Amino acid sequence: QVQLVESGGGLVQPGGSLRLSCAASGSIRSINAVGWYRQAPGKERELVATITSGGSTNYGDSVKCRFTICRDNAKYTWSLKLNSLKPEHTAVYYCNVGTFFGGNYYNGNNWGKGTLVTVSL
């Protein structure tokens, strides 16, 4: 069982930035890929960025050139940097340990509680 803990969310003004962090612990043998998702109020959870164990990254069209996913120096820790935030980026952000295969990310069954990002004046 893998435990995931997201942190770094908060209230930020439009145009601001935040850095979210995801820490994994527990029964980790190997991690193929990590994905960051977000779920805005009243909407379905959507995938916004992924990173493979080899460092390859992919982004949803709505966040390209705005969000950056990376693996931190600490083992089993990943970050999502959010830049030039807009009110429509308000959501709970979750990380997930999954598999990247054939150009697609397949989420695993482990989810953290998420971290809330609120973009508002």
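Because the structure is a prediction, the values reported are computed rather than measured.
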Shortest non-hydrogen contact from Ser17 toward Asn83: OG-OD1, 3.1 Å

Check against side chain to side chain contact (heavy atoms under 4.5 Å, CB included), Arg19 and Cys70: CA-CA 11 Å; Arg19 188 180 184 94; Cys70 64; 3.6 Å; yes

Trace of the side chain to side chain contact (heavy atoms under 4.5 Å, CB included) decision for Thr50 with Val34: CA-CA 6 Å; Thr50 63; Val34 170; over 6 Å; no

Atom pair CG (Asn32) and OG1 (Thr99), whose distance is rounded to the nearest 0.5 Å: 5.0 Å

Within one Ile-Leu-Val-Met-Phe-Trp-Tyr cluster: Val92 and Val119, side-chain cutoff 4.5 Å: no

Steps toward salt bridge (Lys or Arg N to Asp or Glu O under 4.0 Å) verdict (Glu46, Arg38): CA-CA 6 Å; Glu46 65 169 329; Arg38 68 182 177 191; 2.7 Å; yes

Derivation of the side chain to side chain contact (heavy atoms under 4.5 Å, CB included) call for Val97 and Asn110: CA-CA 7 Å; Val97 172; Asn110 299 292; 5.6 Å; no

Interatomic distance, Lys86 atom NZ to Ser120 atom OG [nearest 0.5 angstrom]: 15.5 Å

Side chain to side chain contact (heavy atoms under 4.5 Å, CB included) involving Ser53 - partner list, sequence neighbours excluded: none

Within 6.0 Å of CD in Glu88, more than 12 heavy atoms from elsewhere: yes

Residue pairs, two or more places apart or on separate chains, that pass ring pair (Phe, Tyr, Trp, His ring centres under 6.0 Å) and touch residues 80-121: Tyr37-Trp111, Phe67-His89

Same cluster (ILVMFWY, side-chain, under 4.5 Å), Leu20 and Val5: no

Gap separating the OG atom of Ser84 from the CZ atom of Arg66, nearest 0.5 angstrom: 5.5 Å

Under 3.5 Å: donor-acceptor pair, side chain of Tyr76, backbone of Gly26: no

Interatomic distance, Glu6 atom CD to Leu116 atom CG [nearest 0.5 angstrom]: 12.0 Å

Closest approach of Ser21 to Thr77 (non-hydrogen atoms, all atoms of both residues): OG-CG2, 3.6 Å

Full working for side chain to side chain contact (heavy atoms under 4.5 Å, CB included) between Ile51 and Ser56: CA-CA 5 Å; Ile51 185 167; Ser56 296; over 6 Å; no

Step-by-step side-chain hydrogen bond (donor to acceptor under 3.5 Å, both in side chains) determination, Ser79 to Asp72: CA-CA 7 Å; Ser79 294; Asp72 291 353; 2.7 Å; yes

ILVMFWY cluster, Val63 and Trp78 together (side-chain gap under 4.5 Å): yes

Whether Asn96 side chain and Asn107 backbone form a donor-acceptor pair below 3.5 Å: no

Cluster link Leu18 to Leu80, ILVMFWY, side chain under 4.5 Å: yes

Shortest non-hydrogen contact between Ala40 and Thr90, atoms and distance: CB-O, 3.6 Å

Gap between atom OG1 of Thr52 and atom CD1 of Ile31 - 0.5 Å precision: 12.0 Å

